S.K.: 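So that we are looking at the same thing, I have put the structure below in structure tokens.
Values in this document were obtained by computation on a predicted structure and should not be read as measured data.
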Amino acid sequence: MSNMESSSDDVSCLSPQNLGSSSPSKKQSKENTITINCVTFPHPDTMPEQQLLKPTEWSYCDYFWADKKDPQGNGTVAGFELLLQKQLKGKQMQKEMSEFIRERIKIEEEYAKNLAKLSQNSLAAQEEGSLGEAWAQVKKSLADEAEVHLKFSAKLHSEVEKPLMNFRENFKKDMKKCDHHIADLRKQLASRYAAVEKARKALTERQRDLEMKTQQLEIKLSNKTEEDIKKARRKSTQAGDDLMRCVDLYNQAQSKWFEEMVTTTLELERLEVERVEMIRQHLCQYTQLRHETDMFNQSTVEPVDQLLRKVDPAKDRELWVREHKTGNIRPVDMEI
């Protein structure tokens with residue numbers, strides 16, 4: 001996974017060797033532990049107090065060690081799998097936000113197109129005088145506003161939609177690699193646990209065999225010699241050694257899984273913070289562009305306001321009368 005190594009320095013102090021009772025590598029007696037899905041935890045009845053790795057931070061590395069019942073089936077979902085699902089859902093949300101902005105752009109483009117078309121409309125084109133000038137400016141302002149919205153849509157595409165869509169293009173592939181890495185460690189842990197159980201069963205059988213042969217020799221129910229007892233004892237001792245070796249290998253595997261879980265969950269945490277901050281910044285850019293668009297739209301109507309303030313019905317009447325008058329001599333009474 002890209003940048004996965006960047007978190008290793010941050011968790012050097014969180015290794016199992018530095019965690020005391022919270023370390024999965026610390027050897028504990030069987031009575032003090034409980035194994036769930038091949039992962040060994042402190043037994044609830046004798047559980048020592050564990051300090052969180054990152055107290056007060058609600059960090060991923062502290063709360064996803066156990067498996068969770070799958071609500072859609074009879075199985076379980078690993079805590080790490082829930083974190084991966086969170087990451088992939090975040091990627092999907094980011095994609096849907098980009099699609100939302102794209103729809104916003106389409107609306108802006110269609111609106112600009114309709115404004116430009118309306119600005120060319122000939123309705124009331126014959127209005128005259130200062131009111132006619134103001135009306136012409138109203139129509140021109142539509143063309144200016146259409147240009148503002150076209151520029152807004154272009155900036156939305158380049159400064160909001162495109163960055164949202166292209167952020168972490170290979171994210172799913174990276175998450176898949178990460179998933180496989182942790183899953184492989186978990187499978188190895190399961191394999192080591194199976195070996196422990198097999199060795200434990202073998203030891204039990206050897207101990208039972210030794211006990212039975214010893215009892216038979218004592219009550220003389222068998223002709224087994226002392227040599228047979230020694231042989232059974234050697235096998236029992238060997239079985240005990242095998243169990244210790246298997247437990248040691250299991251603890252090593254769990255320690256490795258533990259360390260990788262801490263490192264990887266902290267990296268996922270960092271990626272999520274980065275994703276949220278990236279989206280926040282681009283949505284802030286969206287609001288900034290909206291404010292600018294409103295400001296530019298306001299500027300398109302300022303000339304209209306200026307001309308409307310100059311509309312003078314009396315002056316318009318004078319100009320019209322001068323151009324269209326038919327005579328200023330009024331009628332008088334007829335004389336006989």
Side-chain angles (χ1 to χ4, degrees), residues 1-26 33 35-42 47-68 70 76-95 163-164 166-190 192-193 250-282:
M1 180 175 165
S2 59
N3 298 327
M4 193 61 70
E5 294 79 3
S6 63
S7 295
S8 60
D9 292 339
D10 297 336
V11 298
S12 60
C13 61
L14 305 181
S15 63
Q17 289 74 19
N18 295 333
L19 289 174
S21 60
S22 63
S23 166
S25 68
K26 182 177 180 180
T33 63
T35 302
I36 303 174
N37 289 346
C38 305
V39 180
T40 302
F41 299 96
M47 181 170 57
E49 183 178 354
Q50 288 186 338
Q51 182 180 356
L52 295 175
L53 302 180
K54 301 187 74 177
T56 74
E57 294 189 29
W58 290 94
S59 175
Y60 288 169
C61 70
D62 275 317
Y63 295 97
F64 293 89
W65 292 106
D67 297 340
K68 187 176 183 179
D70 188 351
T76 58
V77 180
F80 185 75
E81 187 65 29
L82 291 176
L83 291 176
L84 281 182
Q85 291 174 7
K86 164 72 172 169
Q87 294 288 319
L88 294 176
K89 180 181 178 182
K91 174 64 176 177
Q92 180 62 26
M93 294 302 98
Q94 167 194 324
K95 178 183 176 183
L164 283 175
N166 295 338
F167 184 66
R168 295 180 184 161
E169 292 181 282
N170 299 320
F171 190 66
K172 287 186 178 180
K173 185 183 296 183
D174 291 340
M175 288 297 100
K176 196 170 184 179
K177 290 179 183 178
C178 182
D179 188 18
H180 287 168
H181 176 60
I182 297 297
D184 287 345
L185 291 174
R186 188 70 183 268
K187 288 177 183 177
Q188 184 183 45
L189 184 60
R192 299 293 193 210
Y193 179 73
Y250 168 84
N251 284 334
Q252 290 179 31
Q254 184 167 257
S255 180
K256 176 63 176 175
W257 172 73
F258 173 87
E259 292 170 0
E260 290 298 312
M261 275 284 290
V262 173
T263 301
T264 308
T265 54
L266 286 178
E267 174 64 6
L268 294 183
E269 188 175 298
R270 185 192 68 80
L271 289 174
E272 176 63 5
V273 170
E274 185 178 77
R275 182 189 75 89
V276 171
E277 182 60 24
M278 180 279 298
I279 292 176
R280 187 193 70 82
Q281 289 177 357
H282 285 91

S.K.: Going through the distances and angles, do Tyr193 and Val39 end up as a side chain to side chain contact (heavy atoms under 4.5 Å, CB included)?
M.R.: CA-CA 8 Å; Tyr193 179 73; Val39 180; over 6 Å; no

S.K.: Judged by atom type as modelled, is there a donor-acceptor pair below 3.5 Å linking the side chain of Tyr250 to the main-chain atoms of Cys38?
M.R.: yes

S.K.: Under the 3.5 angstrom rule, does the side chain of Arg168 hit a backbone N or O of Asp174 as a donor-acceptor pair?
M.R.: no

S.K.: Decide yes or no for Cys178 and Thr264: does some side-chain heavy atom of the first lie under 4.5 Å from some side-chain heavy atom of the second?
M.R.: yes

S.K.: Would you please test Phe167 and His282 for side chain to side chain contact (heavy atoms under 4.5 Å, CB included) and show each step?
M.R.: CA-CA 11 Å; Phe167 184 66; His282 285 91; over 6 Å; no

S.K.: Under the 3.5 angstrom rule, does the side chain of Asp70 hit a backbone N or O of Val77 as a donor-acceptor pair?
M.R.: no

S.K.: When you measure from the side chain of Thr265 to the backbone N and O of Val262, does any donor-acceptor pair fall under 3.5 Å?
M.R.: yes

S.K.: Taking ring-ring contact (aromatic ring centres under 6.0 Å, His included) as the test, write out the residues that go with Trp65, two or more places apart.
M.R.: Trp257, Phe258

S.K.: Taking Lys54's backbone N and O only, do any of them form a donor-acceptor pair with Asp62's side chain (distance below 3.5 Å, no angle check)?
M.R.: yes

S.K.: Compare all side-chain heavy atoms of Leu271 with those of Glu274 and state whether any distance is below 4.5 angstrom.
M.R.: yes

S.K.: Taking Met175's backbone N and O only, do any of them form a donor-acceptor pair with Gln87's side chain (distance below 3.5 Å, no angle check)?
M.R.: no

S.K.: Is there a side chain to side chain contact (heavy atoms under 4.5 Å, CB included) between Cys61 and Glu269 once you walk through the steps?
M.R.: CA-CA 9 Å; Cys61 70; Glu269 188 175 298; 5.6 Å; no

S.K.: Using only atom types and a distance under 3.5 Å, with no angle test, would you say the side chain of Ser255 pairs donor to acceptor with the backbone of Asn251?
M.R.: no

